[in-house]
Amino acid sequence: MESEPQGMNPRGIHRLDTARDADPNTKGEYRGAVLHVDKANIYQLGTDSQVVRHDRDRFKETPHAGEGARIGYDNGRGVMLNRSAETIPNRGTPMPTTHARGTQERER
């Protein structure tokens, strides 16, 4: 049976049983789509197409399957680097007000 990709997940078979363990002492980050989340682990497809297993107990905030994630470690704790309580989502460039648009059109 073939399934459709969900979110950021590419098509294909990704073997979770051969996943390498994430290093909680790494100074870098792991980037890629979250393939699967269960009670114990978070499985992420790395940039090298290798599946990485993160220990879910190390995370305060758990990513969702299909989400593109940047995961780093801070003193052994898993951190979602692409999420921040202080970050306000970019809503794009503000459009000029109706009055300003009308003024610009009159100047043409």
Side-chain angles (χ1 to χ4, degrees):
M1 178 163 88
E2 188 174 324
S3 64
E4 293 298 315
Q6 296 179 338
M8 298 283 298
N9 290 345
R11 285 181 180 249
I13 298 171
H14 307 286
R15 295 201 42 181
L16 304 183
D17 62 331
T18 60
R20 69 174 193 241
D21 289 326
D23 180 5
N25 298 317
T26 186
K27 300 290 184 204
E29 63 184 45
Y30 296 92
R31 292 177 177 227
V34 176
L35 296 173
H36 180 72
V37 178
D38 62 26
K39 290 180 182 179
N41 299 298
I42 299 165
Y43 295 91
Q44 181 182 29
L45 185 61
T47 54
D48 58 356
S49 297
Q50 173 70 37
V51 178
V52 179
R53 179 179 37 247
H54 302 273
D55 183 356
R56 188 172 176 176
D57 289 339
R58 292 184 180 275
F59 289 79
K60 180 178 180 180
E61 185 178 14
T62 305
H64 306 285
E67 178 178 4
R70 290 177 44 227
I71 297 175
Y73 285 89
D74 182 21
N75 293 324
R77 299 294 301 166
V79 179
M80 294 291 298
L81 299 173
N82 54 329
R83 290 187 189 168
S84 171
E86 299 170 9
T87 303
I88 299 172
N90 183 3
R91 302 277 184 208
T93 306
M95 295 296 293
T97 62
T98 307
H99 175 70
R101 217 177 325 171
T103 304
Q104 290 172 351
E105 289 173 3
R106 277 185 257 143
E107 292 175 356
R108 288 184 191 171

Worksheet item: To the nearest 0.5 Å, what is the distance between CZ (R53) and CD (Q44)?
Response: 13.0 Å

Fill in: Donor-acceptor contact below 3.5 Å, side chain R70 vs main chain E29
no

Worksheet entry | Test side-chain contact (heavy atoms from CB on, under 4.5 Å) applied to T62 and I42, step by step | CA-CA 8 Å; T62 305; I42 299 165; 4.2 Å; yes

Practice prompt. State, yes or no, whether a side-chain contact exists between V51 and L16 at a heavy-atom distance under 4.5 Å.
Written response: yes

Fill in: Minimal non-hydrogen separation, D55 against N41, with atom names
CA-OD1, 4.2 Å

Worksheet entry | For the student: nearest non-hydrogen atoms of A69 and V34, plus distance | CB-CG2, 3.8 Å

Worksheet item: Say you draw a straight line from CD of E67 to CG of L35; how long is it, rounded to the nearest 0.5 Å?
Response: 12.5 Å

Practice prompt. To the nearest 0.5 Å, tell me how far H36 NE2 sits from L45 CG.
Written response: 14.5 Å

Practice prompt. Not counting sequence neighbours, which residues clear side chain to side chain donor-acceptor pair (under 3.5 Å) with Y73? List them please.
Written response: H54

Practice prompt. Provide the full list of salt bridge (Lys or Arg N to Asp or Glu O under 4.0 Å) pairs with a residue in residues 33-49, sequence neighbours left out, each pair given once.
Written response: R20-D48

Worksheet item: If you look at every heavy atom in G68 and N82, which pair is closest and at what distance?
Response: O-ND2, 2.9 Å

Worksheet item: Taking C-beta and beyond as the side chain, do D23 and Y30 meet within less than 4.5 Å on heavy atoms?
Response: yes

Fill in: Heavy-atom side-chain contact between M80 and I71 under 4.5 Å
yes

